[in-house]
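Each chain gets a letter, A, B and so on, in the order the sequences are listed, and its residues count up from 1.
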Amino acid sequence: MQQAETQKQKKQKSIFDHVWDFFASVKVAIVIIIALALTAILGTIYPQENAIPSPNPQFYYFDTYGKTGDLYYRLGLSDMYNSWWFLTLVLMLAISLIICSIERIVPLYKSLKNQPVARKVIAIRSDRLYASKAVAAEADLDLLAEQLKKKRYKLRREEGALLAEKGRLPRFGAYIIHIGLLIIIAGVFVRLIPGAYYSDMVWLKAGERKYVDEVGFGLQNNGFELEFYDKAQTRVKKYETDVAVYVGDEVKAKEHLIVNEPLKFNHTLIFQNSYDPNPMFKRGKVELTDKKTGKSYGTFEIDFNDPHQTYQAGEYTLTMINYYPDIKVDPDKGGVFTNSRDPYNPGLQLSISKPGMAPQTQWMMPLAPFVEEMLGQDYQFKLQLVEVELFNMTGLRLQKDLGIPVVYAGCAVVLWGLVLCFYFQHRRIWARLEDGVLHIGANTSKNWIGMGKEFNKATAPLGIEPVAAKPKLKSKAKAPQQAAPQQESPQQEETTQSDASQGKEGTEQ
Amino acid sequence: MMTASSIFFGSALAAYFISAILYVVGVTGRKMRGSTAGKANAWTKWGYILAVAGVLLQITATVTRGVSAGFTPVSNMFEYMSFWALTIMLAFVVINFFYKVPGLGAFVVPVGLTVLAYASVFPREVKPLIPALQSYWLSIHVTTAALGEGILTISFAAGLMYLLVVTDVSVKSRAAKFLEFVVYLFFALVAFIAISLSFRIGGYEVIAQTANQAFLYKMPPIAGPPGIETGSLATLLGVALPLFNAPSWMEGADAAVQFNTILWTIAGSLVLYGILRLINRKPLVVTISRWVRGLDADMLDELSYRAVAIGYPVFTLGALVFAMIWAQEAWGSYWSWDPKETWALITWLYYTAYLHLRLRQGWEGARTAWMAVAGFVVILFLLVGVNLLISGMHSYA
């Protein structure tokens, strides 16, 4: 009794075995694949956080999509491809790929390596392609071997037996795909290695230089150009930045950066990614005129990034009282303030004076010239922008990902596996001489028609009539109406399953 | 050159149309009933010849448009959908050359025709390429992806034919009902195209202005955006529209307009289906299943699978690998979970599941045929649904 118990214990699987068996199951793999597909749908209902034009997702989803958007954000679906549960699914897929592959590659490899040259006649007879020659000798085998060699089969011979084989690698196609996918997943995870991954936007104004410590260099915008197809400026044709790469104060590289053609420096790709569609004010020439008579008193130039304290227009002196680079007027909240430090919408409060005249305070807002009327005052002067130079901020993306070669390699392996798996096939022909009768059988992983042609061509010189592949035997007895015509010899019925399937590994594709 | 291209497009459309009619008549005609069922006859032979002619015409149309535009014309919805129609027809012409399935054209050609007709719903003018699309990867990625999708469409048609062969549709069953539903969906698509095209040709436009948003309706607004008074927007045949408002939770930018389009499609499809049903006086699928009578079910099953086996690697290459390389070239990030990318992955996972079920779990016949049919819905969503319902970089704005 004790013995029985130990035996039972031996049979009991460890947790490791259970986990292994779980992931080795194709059913489980399919469930994981379907679960990934279904959950991936959730992430496409609304845009993901990386694709929204707002740095504040907690407000963006509610403002744009209402209550459902808010719920979406709160459930974590707005960043779901980085969520723990989605990554867990990917990890489970990776484990399943590894274990499923190991579980099947090894037996397949062994059985293909150890396949017998002298296969049992009973097995040959059960092949879907089968032919025989009644009075045959070793010379017929030689002839067959010669024919098959022409077709680039690899041959193995034994006394009275022949095995010709080609395209063994396609049998491993599916596992090559799996390995490629694992390489891709590994390539994605390379970014977790410190220093292997960096991705960020750099926004540069004209002439501005910024250092990015993580990639070890700085970028300077030496000029940005924007071109449109049409005069109405609705469709962008081209935008480019004259960019210089700095290490310290030394220029290391310079390029006209355009979309789709990044500059590579230090394993980092610098992309012309975007630009700020709202232009900023760079310089402007302002004319001081008399509002009533329209008489010009003179002009002066303003650098909107660095305005002077005083300007001179003819005999008039203009003193800057206040400068708001990005002005916002909000009478309800009490006055004026600036939205940002960048001159998107400059607002200047100037005091205009000349000797012997009381100074007058006046506003100037190039983007809102009507503000004067809004303020309801009757000004004596008019400040008018007669020349202006605008510029757009350029948006460069810095992208460093040392995993990319790995991902590309993985893609190449996957494609190689796909081609092997679906466009090539494993073909084998066995011949066996027994009691003066030559039995020839063939097996392939797919394309029986092509195999049949090759088979008949090779056997014709032996004086064997062409044969056609027998219909596939349905493993499930549900086969409708036309069952395969059963014309097997009595011998066939005695055949055991293992005998008949000897040399046929795995499922047919 | 552009007018020449338009003429070629029109001729291709006409060729597909005649081809579809020839095929449908070929598989339903009296001659057919008398002769051995399922055998090719003169009608289907001419149908095939016209399909080949249509493909050649459409290739010419695409090339001339490309030459005059200066880039491969796959940059907007019109160009993409017509290119997909071309790949469907091309895949059909090639596969039918090797397999010679008599009735296949009766199923594929109407699909190709519908897709090309659907393309004409979209604006046709050539728009110059925005900087992000100025890359040779545009041609490589889009054409390969479309080719994969075209081949996979053949698996849908063959799968549907298989189901019609093996299902006894005269007996009420779940399978028969589902098949009827598939037929209904096809006519829903036809109805949608007919309605959109007629309002487009008529130049119909209504703008609904709410407090903070404007909505552009290209079909009479049955459902107005939330917050609009009923009956205040337009009239159709004396009825003041909208009849009611879209539910308030539809707050997305175009949700109300899309909801309205869906209502029109449902209404139109029910009318169209109802008329056809009245003429036919029995489920349409009963009539259609006669087209495939006598065809070899195993051969159709094999063909459906073979199309997946050929199309899947092409799809992987075009829609995923080339897409990744281009995204890396253009943005420095090979994957960014854009909805279109994600749906391409979902489609890929779907067919991956199909292949595993078929090759490893021994699924065959009806089960995988249903998967092939449903796979077409997944592809349709990838190609049409994502662009119309979800915003992203592929929305071809």
Side-chain angles (χ1 to χ4, degrees), chain A residues 26-27 29-30 33-34 36-38 40-41 43-48 50-51 64-69 81 174 188 199 229 235-239 258-262 269 271-273 397-399 401 404 407-408 411 414-415 418-419 421-423 446 471-472 475-476 478 480 482 507-509, chain B residues 127-135 137 166 248-253 255 296-298 309-310 312-313 316-317 320-321 324-326 328-340 342-343 345-350 352-353 355-357 359-362 364-365 378 386 390-393:
Chain A
V26 179
K27 270 185 198 154
I30 295 169
I33 289 169
I34 292 169
L36 268 171
L38 289 177
I41 294 173
T44 64
I45 298 172
Y46 294 130
Q48 291 288 296
N50 62 5
T64 321
Y65 305 106
K67 279 179 204 124
T68 44
Y81 302 110
V188 174
S199 169
Y229 284 109
R235 204 163 173 86
V236 181
K237 184 178 184 184
K238 191 170 148 186
Y239 49 99
I258 64 166
V259 178
N260 282 335
E261 283 175 33
L269 291 165
F271 288 88
Q272 176 71 65
N273 182 283
R397 175 164 281 282
L398 294 186
Q399 196 81 30
D401 189 348
I404 282 166
V407 171
Y408 279 5
C411 288
V414 167
L415 290 173
L418 280 168
V419 169
C421 198
F422 290 106
Y423 302 148
K446 61 176 102 49
K472 201 183 331 184
S475 48
K476 294 194 175 96
K478 278 182 196 166
Q482 316 147 320
T507 337
E508 282 182 6
Q509 295 180 342
Chain B
K127 276 195 180 171
L129 295 179
I130 55 164
L133 295 182
Q134 291 163 9
S135 163
W137 283 106
V166 298
S248 62
W249 50 265
M250 286 192 177
E251 289 179 44
D296 178 4
D298 284 346
I310 298 169
Y312 177 81
T316 312
L317 180 70
L320 293 169
V321 175
M324 278 163 72
I325 297 175
W326 185 15
Q328 177 64 34
E329 298 265 311
W331 302 292
S333 155
Y334 53 85
W335 198 264
S336 53
W337 295 108
D338 168 73
K340 192 82 162 188
T342 311
W343 270 94
L345 179 69
I346 290 163
T347 310
W348 187 81
L349 289 170
Y350 181 85
T352 306
L355 288 166
H356 280 85
L357 286 167
L359 301 176
R360 286 280 160 212
Q361 296 298 105
E364 268 188 3
V378 179
V386 174
I390 302 173
S391 64
M393 6 186 217

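Taking CE from Met324(B) and OG from Ser336(B), the interatomic distance works out to 11.0 Å, rounded to the nearest 0.5 Å. To the nearest 0.5 Å, the span separating CG on Leu418(A) from OG1 on Thr316(B) amounts to 5.0 Å.
At a 4.5 Å heavy-atom cutoff, the contact between Ile41(A) and chain B is made by backbone and side-chain atoms alike. For Leu320(B), no part lies near chain A; criterion is any non-hydrogen pair under 4.5 Å. Proximity to chain B (any heavy atom under 4.5 Å) is restricted, for Ile34(A), to the side chain, taken from C-beta onward. Using a 4.5 Å cut-off between heavy atoms, Trp348(B) contacts chain A through its side chain alone, with no backbone atom that close. Using a 4.5 Å cut-off between heavy atoms, Leu317(B) touches chain A through backbone and side chain atoms alike. In this structure, no portion of Trp335(B) lies under 4.5 Å from any heavy atom of chain A. Using a 4.5 Å cut-off between heavy atoms, Val188(A) contacts chain B through both its backbone and its side chain. Using a 4.5 Å cut-off between heavy atoms, Leu415(A) touches chain B through its side chain atoms alone.
Between the Lys446(A) side chain and the Cys421(A) main chain, a donor and an acceptor come within less than 3.5 Å of each other. At distances below 3.5 Å, not a single donor-acceptor pair connects side-chain atoms of Gln272(A) with backbone N or O atoms of Glu261(A). A donor-acceptor pair is defined here as one N or O able to donate and one able to accept, closer than 3.5 Å; no such pair exists between the side chain of Tyr229(A) and the backbone of Lys238(A). Of the possible donor and acceptor atoms, one in the side chain of Gln48(A) sits under 3.5 Å from a partner among the backbone N and O of Gly43(A).
When Lys27(A), Gln399(A), Arg397(A) are compared by the number of non-hydrogen pairs under 4.5 Å with chain B, Gln399(A) comes out ahead. Each of Leu269(A), Val236(A), Leu398(A) has some count of heavy-atom pairs under 4.5 Å with chain B, and the biggest count is that of Val236(A). With respect to chain A, the highest number of heavy-atom pairs below 4.5 Å among Leu345(B), Ile325(B), Thr347(B) belongs to Ile325(B). If you tally non-hydrogen atom pairs under 4.5 Å between each of Asn273(A), Val26(A), Ile258(A), Asp401(A) and chain B, the highest count goes to Val26(A). Of all the listed residues (Asn260(A), Val259(A), Val414(A), Ile404(A)), the one sharing the greatest number of non-hydrogen pairs under 4.5 Å with chain B is Asn260(A).
For Tyr350(B), the ring-ring contact (aromatic ring centres under 6.0 Å, His included) criterion is met by no residue, not counting sequence neighbours. In this structure Tyr423(A) satisfies the side-chain hydrogen bond (donor to acceptor under 3.5 Å, both in side chains) test with no other residue, sequence neighbours excluded.
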Can Ile30(A) and Leu357(B) be said to form a side-chain contact (heavy atoms from CB on, under 4.5 Å), step by step? CA-CA 8 Å; Ile30(A) 295 169; Leu357(B) 286 167; 3.5 Å; yes
